[in-house]
Amino acid sequence: MPLRTAYRLCPHAVFLPVDFEAYATASRLFKSVLLSITPIMEDVGIDEVFLDISALADTNEIIVDRIKDAIKEITGLTCSIGIAPNKLLAKIGSDMQKPEGLTILNENDIESRLWPLPIRKLYGIGPKTESHLKNMDIETIGQLAALPEEILFDHFGKSYGHYLYEASRGIDDSPLITYWEPKSFSREVTFQEDIKNWQVIAKTLAELVKEVSTDMKHHGYKARTITVKIRFHDFKTFTRATTITNYADSEEEIRKAAFAGLKRIDLNKRVRLIGVRSSNLQK
DNA sequence: TCTGGGGTCCTAGGACCC
DNA sequence: TCTGGGGTCCTAGGACCC
């Protein structure tokens, strides 16, 4: 059974806009170091990865020390690590001993260590699903695992229901994704204060379009669908998508589509956020 | 978490085609 | 009183992740 690890950078996985660039730089640095430990790495964000260490000859202890030392040396930060037969359990394990821990989970631990946990600890369960499950008197992962799959289908649909059924049993066959094609490029901003002025909204959208276009060209993609997003002061959020005939990456074409979408939103309230996304991509 | 920004995936419904 | 069925594309919104 292959072993995988997830690690998380500590001390706090909070988003700090001020430190963001430094954090991102450190992130790139230690990921390159981790790649020298094993090339089978899935990048899950700025401070988290999965590594497949099943082919390595060294013991878990030696590998873990190498990872911790490398991260400490490069970033000065600690990390927590989970080792398990799949990504789901490795991820949950990495959260179990937070500051600087190592948690090893395997199939035999599911009943004793996974099932007592609150449902919210299961990857993929957010606030909405948590409250839905609590209304069904389901509080722990074990109680979730006791539900027949049909019940989960009824409440959560076929796809997500099936996911919950398997995840609550610690089952996860998903492979490590070492590379994936981007599906979309986007930019959005939240205004310091809610905006009513159309000029400001239009100017901001044009700037975001420029950034998205630059980003796409930089990565060598064109897009057919451009989506505008508006969030009002009351947090109501609307999106309007425009699909064009030919794949495009130029600022003008994207701007045209973006403004066509914007026109279809009734801007009768103060605007808090505006964003633009390109999708339906082609290399 | 009265809420920042960049992503992914899923669902439901409508339009349109044969 | 009748109103098929399947496939594909597109849209809008929601849930979740770091």
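In what follows, chains carry the letters A, B, and so on, assigned in the order in which the sequence lines appear, proteins first and then strands, with residues in each chain numbered from 1. Side chains included, hydrogens not; waters and symmetry mates left out as well; all remaining heavy atoms used. Note that the structure is a prediction, hence the values are computed from the model and not measured.
For A:Phe235, the side-chain atoms get nearest to B:dT3 when compared with the rest of B:dT3, C:dC17, B:dG5. Here the side chain of A:Thr190 is nearest to one of B:dG4, C:dC18, C:dC16, namely B:dG4.
Linking Ile, Leu, Val, Met, Phe, Trp and Tyr residues whenever their side-chain heavy atoms come within less than 4.5 Å leaves A:Leu273 and A:Ile230 in two separate clusters. Each of A:Phe259 and A:Ile244 belongs to its own hydrophobic cluster when Ile, Leu, Val, Met, Phe, Trp and Tyr are linked at side-chain heavy-atom distances under 4.5 angstrom. No continuous path of ILVMFWY side-chain contacts below 4.5 Å connects A:Ile62 to A:Ile53, so the two sit in separate hydrophobic clusters. Both A:Leu205 and A:Ile195 belong to a common hydrophobic cluster when Ile, Leu, Val, Met, Phe, Trp and Tyr are linked at side-chain heavy-atom distances under 4.5 angstrom. Note on A:Leu35 and A:Ile177: separate hydrophobic clusters, where clusters join Ile, Leu, Val, Met, Phe, Trp and Tyr whose side-chain heavy atoms are under 4.5 Å apart, directly or indirectly.
As rounded to whole Å, 12 Å separates atom C1' of C:dC17 from atom CD of A:Glu42. As rounded to whole Å, 8 Å separates atom P of B:dG6 from atom CG of A:Leu208. In this structure, A:Leu164 atom CG and C:dC16 atom C1' are separated by 12 Å, rounded to whole Å. The separation between A:Ile274 atom CD1 and B:dG5 atom C1' is 15 Å, rounded to whole Å. Taking atom CD of A:Glu48 as the reference point, atom C1' of C:dC17 lies 9 Å away to the nearest angstrom. Taking atom CZ on A:Arg231 and atom P on B:dG6, their separation rounds to 12 Å, with Å as the unit. For A:Phe232 and B:dC2, the CZ to C1' distance is 19 Å, given to the nearest whole Å. The CZ-C1' distance, from A:Arg272 to B:dT3, rounds to 8 Å in whole Å.
Atom name P, nucleotides C:dA12 and B:dG4: the rounded distance is 25 Å, in whole Å. To the nearest whole angstrom, the two P atoms, one in B:dC16 and one in C:dC2, are 27 Å apart.
Between A:Tyr163 and A:Tyr160, the ring-plane angle classifies as parallel under the 30° and 60° cut-offs.
Applying the salt bridge (Lys or Arg N to Asp or Glu O under 4.0 Å) criterion to A:Lys203, with sequence neighbours excluded, gives A:Glu207. For A:Lys229, the side-chain hydrogen bond (donor to acceptor under 3.5 Å, both in side chains) criterion is met by A:Glu188, not counting sequence neighbours. A:Phe238 is linked by a ring-ring contact (aromatic ring centres under 6.0 Å, His included) to A:Phe232, counting only residues two or more places apart in sequence or in another chain.
The existence of a salt bridge linking A:Lys91 and A:Glu48 is confirmed by a sub-4.0 Å separation between a basic side-chain nitrogen and an acidic carboxylate oxygen. Taking the charged nitrogens against the carboxylate oxygens, A:Arg270 and A:Asp234 have no contact shorter than 4.0 Å, which rules out a salt bridge.
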Pairs under 3.5 angstrom, nitrogen or oxygen only, protein versus nucleotides 7-11 of chain B, please.
| residue | atom | partner | partner atom | Å |
| --- | --- | --- | --- | --- |
| B:dG7 | OP2 | A:Ser186 | N | 2.8 |
| B:dG7 | OP2 | A:Ser186 | O | 3.4 |
| B:dG7 | OP2 | A:Ser186 | OG | 3.0 |
| B:dT8 | OP1 | A:Lys183 | N | 2.7 |
| B:dT8 | OP2 | A:Ser184 | N | 3.4 |
| B:dT8 | OP2 | A:Ser184 | OG | 2.7 |

Expected rows: protein N/O vs nucleotides 12-14 of chain B N/O, under 3.5 Å:
none

(message) Both atom distances under 3.5 Å, Watson-Crick or G-U wobble: I'd like the secondary structure of DNA chain C as a dot-bracket string, with | for pairs made across strands.
(response) ....||||||||||||||
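Note on A:Thr129: only backbone sugar-phosphate atoms sit closer than 4.0 angstrom, heavy atoms only; bases stay farther off. Residue contacts shown for A:Arg224 are limited to sugar-phosphate atoms, with no base heavy atom under 4.0 Å away.
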(message) Checking A:His162 against A:Leu164 for the side chain to side chain contact (heavy atoms under 4.5 Å, CB included) test, could you report, in this order, the C-alpha distance in whole Å, the side-chain angles of both residues, the deciding distance, and whether it holds?
(response) CA-CA 5 Å; A:His162 180 67; A:Leu164 291 175; over 6 Å; no
